[in-house]
Amino acid sequence: MNTATRRLAVQPNWWARAGWILLAAYVVYALGRLDFSWERFVTGLDNGARFIGRMIPPVIAQPDSLGKGLLESMEIALLASFLGIVISLPVGLLAARNLMPVWATWPARAVIALARSFHPVIVAIIFVKAVGFGALAGIGALVVASIGFIGKLFAEAIEEISLKQVEAVRATGASFMNVILFGVLPQVFGRFIGFATYQLDSNLRNSTMVGIVGAGGIGGTLFSAFQRFDYDFVAAILLSIIAMIMVGEVLATWVRGVFLEKGKVSDE
């Protein structure tokens, strides 16, 4: 290797180095602005250890409240997932730019962007102010979240399909709905089932959060336990939430397997 080649091989990338230096400087600046210090970090570890100590062993102090909250969270998640999926189908279809005209895709994409703009807890606060405390506000908030997630991914999945199958169905003189049913949906069915089951799992988790602001579910029970300093009951609630999420994951996996297996059989 000659000198010129060696010099070229080890030539530093000054733009990349400058970028890393600026990033490091900003991190230091942000830590200073956020009042971060090593003493606070050590104190937080000590407080966290004492907090966890007060949570052990978990105690189910109010079994009726715990069971009612868990059941309500599951009901909120299931209803919100069903309604969100039903609404996301036409919204995602209208947002697909390879099938729909511009005047249809832009409003649909605006709806999806609006639904994705805010965290479910913020939307839940708005629904609580609109319809009052309770499960209805939680369902509304999670329906909005479902539309934002499933609608966007469903539209993107449609935009990636092969149009040859769509044109073949159109060539038979099929109506628009038949083109969608036989030319579009078979190509995105497997991915749509994956989107739907993931959103169900996500809604189970979010249903525990929206309850903190009064939108029903186990979150309200958890927040009340925190306010009473019943940390052993808090631990029992957290373990129950983990168990509910695990059951939901098993259910989602089973549903995904059943539908995908049926899809394979129908294709054959």
Test of understanding: clusters of I, L, V, M, F, W, Y form through side-chain heavy atoms closer than 4.5 Å, transitively. Do Ile85 and Leu153 belong to the same one? yes
Please check: side-chain N/O of Asn98 versus main-chain N/O of Glu160, any donor-acceptor pairing under 3.5 Å? no
Under-4.0 Å salt bridge between Lys164 and Glu167: no
One pair to check against side chain to side chain contact (heavy atoms under 4.5 Å, CB included): Val144 and Phe127. What are the steps and the verdict? CA-CA 11 Å; Val144 172; Phe127 273 95; 4.0 Å; yes
With a 4.5 Å cut-off on side-chain heavy-atom distances among I, L, V, M, F, W and Y, is there a chain of contacts connecting Val59 to Phe229? no
Please step through side chain to side chain contact (heavy atoms under 4.5 Å, CB included) for the pair Thr221 and Phe233, ending with a clear verdict. CA-CA 10 Å; Thr221 306; Phe233 187 36; 4.1 Å; yes
Does any N or O in the side chain of Ser146 come within less than 3.5 Å of the main-chain N or O of Leu142, such that one atom is a donor and the other an acceptor? yes
Shared hydrophobic cluster, Val128 / Ile212 (ILVMFWY, side-chain heavy atoms < 4.5 Å): no
Value for CG (Leu251) from CG (Leu204), rounded to nearest 0.5 Å, stands at 8.5 Å
Establish whether Leu200 and Ile245 are linked, either directly or via other cluster members, by ILVMFWY side-chain heavy-atom contacts under 4.5 Å. no
Closer than 3.5 angstrom, by distance alone: can the side chain of Glu159 be matched with the main-chain N or O of Arg97 as a donor-acceptor pair? yes
At their closest point, which heavy atom of Ile112 faces which heavy atom of Ala95, and how far apart are they? CD1-CB, 3.9 Å
Decide whether Ile150 and Met100 are clustered together by the hydrophobic rule: side chain heavy atoms of Ile, Leu, Val, Met, Phe, Trp, Tyr closer than 4.5 Å, transitively. yes
Is there side-chain contact between Pro58 and Asp232, with heavy atoms separated by less than 4.5 Å? no
Pairwise side-chain contact, Leu238 with Val234, heavy-atom cut-off 4.5 Å (strictly under): yes
Minimum heavy-atom distance between Arg116 and Gly148, given as atom pair plus value: CD-O, 3.1 Å
Gln199 side chain near Ser88 side chain, heavy-atom distance below 4.5 Å: no
4.5 Å side-chain heavy-atom contact, Thr208 and Leu222: no
Parallel, tilted or perpendicular: which describes the rings of Tyr29 and Tyr26, with under 30° parallel and over 60° perpendicular? tilted
Could you tell me whether Glu156 and Lys152 make a salt bridge, using a distance below 4.0 angstrom between a side-chain N and a carboxylate O? yes
Determine whether Ile218 and Ser240 make a side-chain contact, defined as any pair of heavy atoms from C-beta on separated by less than 4.5 Å. no
For Tyr231, does the OH atom have more than 12 heavy-atom neighbours from other residues, nucleotides or ligands under 6.0 Å away? yes
Nearest 0.5 Å, what's the CD-CZ distance between Gln187 and Phe182? 14.0 Å
Residue pair Pro186 / Gln165: nearest heavy atoms and the distance that separates them: CB-NE2, 4.2 Å
Got a second to check how far Ile237's CD1 is from Leu70's CG, nearest 0.5 Å? 8.5 Å
Aromatic ring proximity Phe195/Phe154, centre distance under 6.0 Å: no
Are side-chain heavy atoms of Pro120 and Met209 found at a separation under 4.5 Å? no
In this structure, are over 12 heavy atoms from other groups packed under 6.0 Å from Ile60 atom CD1? no
Heavy-atom closest pair, residues Ser81 and Asn203: OG-ND2, 2.8 Å
Looking only at heavy atoms, what is the nearest atom pair of Gly132 and Ala137, with distance? O-CB, 3.7 Å
Is there a donor-acceptor pair closer than 3.5 Å between any side-chain N or O of Glu75 and the backbone N or O of Gly217? no
Mind listing the closest non-hydrogen atom pair of Pro107 and Val102 along with its distance? CD-O, 4.3 Å
Please round to the nearest 0.5 Å and tell me the distance separating atom CZ of Arg54 and atom CD1 of Ile52. 13.0 Å
Going from CG on Leu66 to CG on Leu71, what distance comes out if it is rounded to the nearest 0.5 angstrom? 11.0 Å
Inter-residue atom distance Ser207.OG - Leu79.CG, 0.5 Å rounding: 11.0 Å
